[in-house]
Amino acid sequence: MMNNDKKRDLISIADLSQEEISGLFAEAAALKAGKAAGPDRPLAGKTLAMIFQKPSTRTIVSFSVGMVQLGGHPLVLNYQELQMKRGESIADTARTLSLYADAVMVRANRHEDVCELARHASIPVINGLSDKEHPCQALADFLAIQEHKKLKSAAGLRGVKLAYLGDGNNVAHSLILGAAILGMEIAVSSPKRYEPEKEFIEKGNALAAKSGGKIIIEPDPEAAVRGADALYTDVWASMGKEDEREHRKQVFGPYQLNAGLLALAKPDAVVMHCLPAHRGEEITDEVLDGPRSIVFPQAANRLHVQKAILLRLLSKN
Ligand code: CP
Ligand code: NVA
């Protein structure tokens, strides 16, 4: 996140160090408990512009409400109505938004477009999901695990095992990188040809080598979940891949997060999902709505973590 003193972005969770993640979680926890230090409306007069190329419920609402709670202003831009949709370049859009707003959050089809926007914007850019990563989601998820395990800080996550089942997608990539930074063990279990991209596994391995973490790519879901503290899944067909949904249902069946797999994890293992869920596909109602699910606390943390991110990126600008 902290590229330099002038301009900081959050494009990948790997933009953050372990210490920075710990700091964000401490701030998020304080905000959540209503005990944050500093002024009541720290972002008064600041505007967050948000561009959505894909649908959203949690991201659009949590960023909007977060800005309002911090005293700032959320400005939701519908991509369909922007000149960018008619061919204005990303660079010119970035330069223009930088004249009016104080930060941009973007949900984009192409990760390179988020990077391009950040390169040409003089204000912070936050990745609100791309085809490669979903850093804000993963941060909320790790905070949910920290809270559930009653750990004092993100440093306590070292050695905790997360098993991710299903599509090796944007969420899986951010979880791999985040787990590696935090010194966790992450086992990813996907059908052949749907594994996480090599680039993220390699980057995860490099980060894990420094933190003491471990990245395991394990095609057998039963082996992946053994000894896990948390089981996580996401939709089998992400936004933009809807036409593959029926085909994917044929191959992803053994990776469904259900009571059978949960029984193989640690007795106190929790169930996680970033939402929205395709109930009955990647996850059963029984586990999503069951006593070991922390799916909605995860969703709730989007608000608190993003407020901490906004404070970090915006309060010094
Ligand atoms: N998890 C998540 O990002 O949800 P939305 O797509 O609803 O924003
Ligand atoms: N992998 C999913 C996440 C949605 C929050 C998608 O990209 O559609």
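On a predicted model such as this, the values are computed, not experimentally measured, just so you know. When reading the values below, keep in mind they use all heavy atoms of this one structure, side chains included, and skip hydrogens, waters and symmetry mates. Numbering of ligands and ligand atoms starts at 1, following listing order.
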Does an N or O anywhere in Asn169 fall below 3.5 Å from an N or O of ligand 2?
yes
Using 4.0 Å as the upper bound for N to carboxylate O, is an ion pair formed by Asp167 and Lys241?
no
Among His148, Lys161, Lys149, which residue satisfies the side-chain hydrogen bond (donor to acceptor under 3.5 Å, both in side chains) criterion with Asp229?
Lys149
Within-cut-off N or O pair, Ser238 and ligand 2, under 3.5 Å
yes
Note the single closest protein heavy atom to atom 3 (C) of ligand 2, along with its residue, its atom name and the distance in Å.
Asp234 OD2, 3.6 Å
At what distance is the nearest protein heavy atom to atom 3 (O) of ligand 1, and which residue and atom is it?
His134 NE2, 2.8 Å
Tell me which protein heavy atom sits closest to atom 7 (O) of ligand 1, plus the residue, atom name and distance to 0.1 Å.
Thr57 N, 2.7 Å
Connected via hydrophobic side-chain network under 4.5 Å: Tyr232 and Val271:
no
Checking heavy atoms under 4.0 Å, the part of Leu129 that sits near ligand 2 is side chain
Just heavy atoms, cut-off under 4.0 Å: does Asp131 contact ligand 2 by side chain, backbone, both, or neither?
neither
Quick one: which of Lys54, Arg107, Arg58 has a heavy atom closest to atom 6 (O) of ligand 1?
Arg107
Under 4.0 Å, heavy-atom basis, I'd like to know which part of Leu129 is in contact with ligand 1: side chain, backbone, both or neither.
neither
By the definition side-chain hydrogen bond (donor to acceptor under 3.5 Å, both in side chains), identify the one residue from Arg248, His273, Lys249, Gln256 that meets it with Glu282.
His273
Taking only Lys NZ, Arg NE, NH1 and NH2, and the carboxylate oxygens of Asp or Glu, determine whether Arg119 and Glu116 approach each other closer than 4.0 Å.
yes
Is a salt bridge present between Lys32 and Glu147, judged by a nitrogen-to-oxygen distance below 4.0 Å?
yes
One thing to verify: whether Glu20 and Arg312 come together as a salt bridge, which I'm taking to mean a side-chain N less than 4.0 angstrom from a carboxylate O.
no
Output yes when the distance from some N or O of ligand 1 to some N or O of Pro276 is under 3.5 Å, and no in every other case.
no
Hey, is ligand 2 close enough to Leu275 that some N/O pair sits below 3.5 Å?
no
Those atoms of ligand 1 less than 4.0 Å from some heavy atom in Cys274:
1 (N)
Closest to atom 2 (C) of ligand 1 among protein heavy atoms sits Arg302 NH1, 3.3 Å
Could you check atom 7 (O) of ligand 2 against the protein and tell me its nearest heavy-atom contact, residue, atom and distance included?
Asn170 ND2, 2.8 Å
of all protein heavy atoms, closest to atom 8 (O) of ligand 2 is Met239 N, 2.8 Å
Sub-4.0 Å atoms of ligand 1 with respect to non-hydrogen atoms of Gln137
1 (N), 2 (C), 3 (O)
Charged N to carboxylate O below 4.0 Å: is that the case for Asp289 and Arg279?
yes
Pair Arg302, Thr59: side-chain N/O donor-acceptor within cut-off below 3.5 Å:
yes
Any donor-acceptor pair under 3.5 Å linking the side-chain atoms of Glu195 with those of Ser190?
no
